Amino acid sequence: MAAGWLRRGALARSAVFLAVLAPVLVAAGSVEEPTPPITVFVGGRPAALAPGTRLGTAVRALGIRPRPGRLLDVAGHVLLPRVQPGVVYVNGLPVPPSTVLRDGDRLLPVDGVDETEGVRRVVTRLPGRRPGNPQFTLRTWRLERIRVVGRFSGIVVSVRYRPLGRAEPPPAVALTFDDGPWPGTTRRLLGVLRRMHVRATFFVVGRQVRAHPALLRAIAEAGHAVGNHSFTHPTGRPFRMLPPDRIRRELAATDRALARLGVVPALFRPPGGSYDGRVLAAADELGLRTVLWDVDARDWAPDARPAVIARDVLRQVRPGSIVLLHDGGGDGGATVRAVPRIVRGIRRLGLRLVPLS
């Protein structure tokens with residue numbers, strides 16, 4: 001009796017165990033194999049992602065960070081660091097971040113495009129009558145200054161001056177000398193000008209000023225005007241073709257060399273007469289008026305002779321003329337000997353000789 005009861009109890013427990021185990025075995029038999037990851041390529045390199053991954057999730061997970069586009073000022077400095085976001089192309093096409101990626105997709109980060117601010121014109125009518133800028137003669141006008149500036153930064157890109165109305169030339173002529181101070185030539189020329197009671201204008205090269213400060217002092221102490229003619233007088237390409245920063249450095253370095261000797265220039269003559277709106281803007285920024293000429297003596301030519309130099313000047317000179325001569329850059333003996341003839345010829349025309357101011 002007892003044995004039968006034990007057998008019936010064992011059978012009951014076995015049935016219960018099998019009843020519990022059966023669903024587990026059924027469930028275990030129904031488990032599917034895990035889905036393999038997909039492979040995408042980022043800049044040509046493979047990366048594994050879970051199936052169904054969306055583009056936005058992949059960008060964050062893989063650390064893809066295309067650089068945003070920036071807003072730059074007209075000088076190339078950053079005004080705003082993020083004005084256009086970078087994007088990630090999928091198989092060469094822009095798609096939304098919700099796009100589900102597929103095996104073999106190619107992701108290409110593309111930086112945002114930098115943009116440069118626009119420009120605007122600022123027109124100012126200047127008071128009184130003034131020489132032109134660039135100045136070619138001694139005539140004076142009412143002037144309008146037209147600046148092109150960065151729309152947001154206000155940085156000056158270029159400057160030009162527009163004369164208004166007509167101008168009568170004064171009964172005077174300005175003699176100007178470039179490329180000095182030069183040992184020998186400048187001293188001799190100062191002696192000639194002193195004896196003939198003439199004050200002129202010297203456009204000096206900064207490195208020459210640094211090398212010969214005593215000559216620069218002699219020019220200033222004699223009452224002659226002094227102008228800036230760049231620091232190194234670049235000749236490899238036109239001055240206006242130099243990078244804007246180089247142009248500013250050339251002018252600023254010469255101003256500093258002159259300031260150490262107590263001279264503050266108000267005039268600038270670009271090497272070779274090469275200028276554009278950017279050159280005028282650089283000079284304008286330093287308070288310098290750009291001066292050119294309307295009479296070229298061509299005394300720099302290797303075969304220049306005193307009589308020919310003087311003849312060519314006197315044939316071209318008019319009331320209000322600015323005459324280009326040289327006291328530097330080489331042997332200026334022909335120029336020194338030509339100057340007395342030029343001075344006498346100009347005075348016979350009833351014209352005064354004046355420095356630029």
Side-chain angles (χ1 to χ4, degrees), residues 131 133-135 138 174-235 239 242 244-275 279-293 297 299-300 322-333 335-336 339 343 353-357:
N133 193 350
Q135 180 182 3
L138 300 178
L175 299 183
T176 66
F177 298 91
D178 286 10
D179 299 350
W182 202 264
T185 302
T186 302
R187 286 280 186 195
R188 292 171 60 196
L189 185 57
L190 288 174
V192 171
L193 296 175
R194 183 181 65 253
R195 290 192 298 273
M196 302 194 77
H197 306 287
V198 174
R199 286 192 301 153
T201 303
F202 289 78
F203 287 96
V204 297
V205 175
R207 64 183 177 189
Q208 291 296 110
V209 170
R210 183 178 290 178
H212 308 287
L215 282 178
L216 191 283
R217 289 193 186 95
I219 292 170
E221 289 169 0
H224 302 292
V226 175
N228 184 324
H229 194 41
S230 81
F231 192 79
T232 64
H233 199 294
T235 56
F239 191 74
L242 297 178
D245 287 347
R246 170 74 185 280
I247 292 172
R248 285 190 289 270
R249 289 197 303 270
E250 287 281 343
L251 273 64
T254 299
D255 270 11
R256 289 194 297 270
L258 291 171
R260 293 188 189 100
L261 300 174
V263 175
V264 180
L267 310 170
F268 166 65
R269 175 170 284 167
S274 174
Y275 77 95
V279 173
L280 294 182
D284 216 48
E285 186 179 342
L286 293 171
L288 302 172
R289 182 172 77 249
T290 300
V291 180
L292 298 177
W293 59 86
D299 58 334
W300 44 265
I322 297 175
V323 180
L324 170 64
L325 294 153
H326 296 80
D327 68 319
D331 180 14
T335 300
V336 173
V339 165
V343 170
L353 287 153
V354 298
L356 294 168
S357 62

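Basis for what follows: all heavy atoms, side chains included, without hydrogens, waters or symmetry-related copies. Note that the coordinates shown come from a computational prediction; the quantities given were computed from them, not determined experimentally.
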Seminar exercise, completed: Rounding to 0.5 Å, atoms CZ (Arg269) and CH2 (Trp293) come to a distance of 6.0 Å
Exercise. Is a side-chain donor or acceptor of His224 paired with a backbone partner of Ile219 at a separation under 3.5 angstrom?
Worked result: no
Exercise. So which heavy atom on Leu193 is nearest to which on Ala200, and how close?
Worked result: CD1-CB, 4.2 Å
Exercise. When the ring planes of Phe239 and Phe268 are compared, do they come out parallel, tilted or perpendicular, using 30° and 60° as the limits?
Worked result: tilted
Problem set entry | Pro265 to Leu258 - nearest heavy-atom pair and separation | CG-CD1, 3.7 Å
Exercise. Got Thr185 and Phe177 here, is their nearest side-chain heavy-atom distance under 4.5 Å?
Worked result: no
Exercise. Would you find a donor on one side and an acceptor on the other, under 3.5 Å apart, between the side chain of Asn133 and the backbone of Thr290?
Worked result: yes
Exercise. How long is the gap from CG on Leu175 to CZ on Phe202, to the nearest 0.5 Å?
Worked result: 9.5 Å
For this session: Please report the closest heavy-atom contact between Ala225 and Pro355, naming both atoms and the distance.
Result: CB-CB, 4.2 Å
Problem set entry | Test item: Pro271 and Thr235 side chains (from C-beta on) under 4.5 Å apart, heavy atoms | no
Seminar exercise, completed: Nearest heavy-atom contact between Pro134 and Leu280 is CD-CD1, 3.8 Å
Problem set entry | Result of checking Asn228, Val226, Leu267, Leu324 against Phe203 for side-chain contact (heavy atoms from CB on, under 4.5 Å) | Leu267
Problem set entry | NE2 on His212 to CZ on Arg187, rounded to 0.5 Å | 11.0 Å
Exercise. Taking C-beta and beyond as the side chain, do Leu353 and Val343 meet within less than 4.5 Å on heavy atoms?
Worked result: yes
For this session: Test Val336 against every option in Asp299, Val192, Asp331 by the side-chain contact (heavy atoms from CB on, under 4.5 Å) rule and name the one that passes.
Result: Val192
Exercise. Is there a side-chain contact between Val209 and Leu261 (heavy atoms, below 4.5 Å)?
Worked result: yes
For this session: Spell out, as yes or no, whether a donor-acceptor pair under 3.5 Å connects the side chain of Ser230 to the backbone of Leu251.
Result: no
Problem set entry | Atom pair CG (Leu286) and CZ (Arg248), whose distance is rounded to the nearest 0.5 Å | 9.5 Å
Problem set entry | Over all atoms of both residues, closest heavy-atom pair of Pro234 and Leu242 | CG-CD1, 3.8 Å
Exercise. Would you say the side chain of Asp179 lies within less than 4.5 Å of the side chain of His229, judging by non-hydrogen atoms?
Worked result: yes
Exercise. Below 4.5 Å, heavy atoms only, C-beta onward: do Pro131 and Leu138 meet side chain to side chain?
Worked result: no
For this session: Report the distance from atom CZ of Arg188 to atom CH2 of Trp182, rounding to the nearest 0.5 Å.
Result: 14.5 Å
Exercise. So which heavy atom on Ala282 is nearest to which on Ile247, and how close?
Worked result: CB-CG2, 3.8 Å
Exercise. Has the side chain of Arg207 got a donor or acceptor atom that lies under 3.5 Å from a matching backbone atom of His233?
Worked result: no
Exercise. Taking the side chain as C-beta and beyond, is there a heavy-atom pair between Asp178 and Trp300 under 4.5 Å?
Worked result: no
Exercise. Can any side-chain N or O of Glu250 pair as donor or acceptor with the backbone N or O of Thr232 at less than 3.5 Å?
Worked result: yes
Problem set entry | Separation between OG1 of Thr201 and CD1 of Ile322, rounded to the nearest 0.5 Å | 8.5 Å
Problem set entry | Greater than 12 external heavy atoms within 6.0 Å of Arg199's CZ | no
For this session: Return yes if a side-chain donor-acceptor contact under 3.5 Å exists between Asp327 and Thr186, otherwise no.
Result: yes
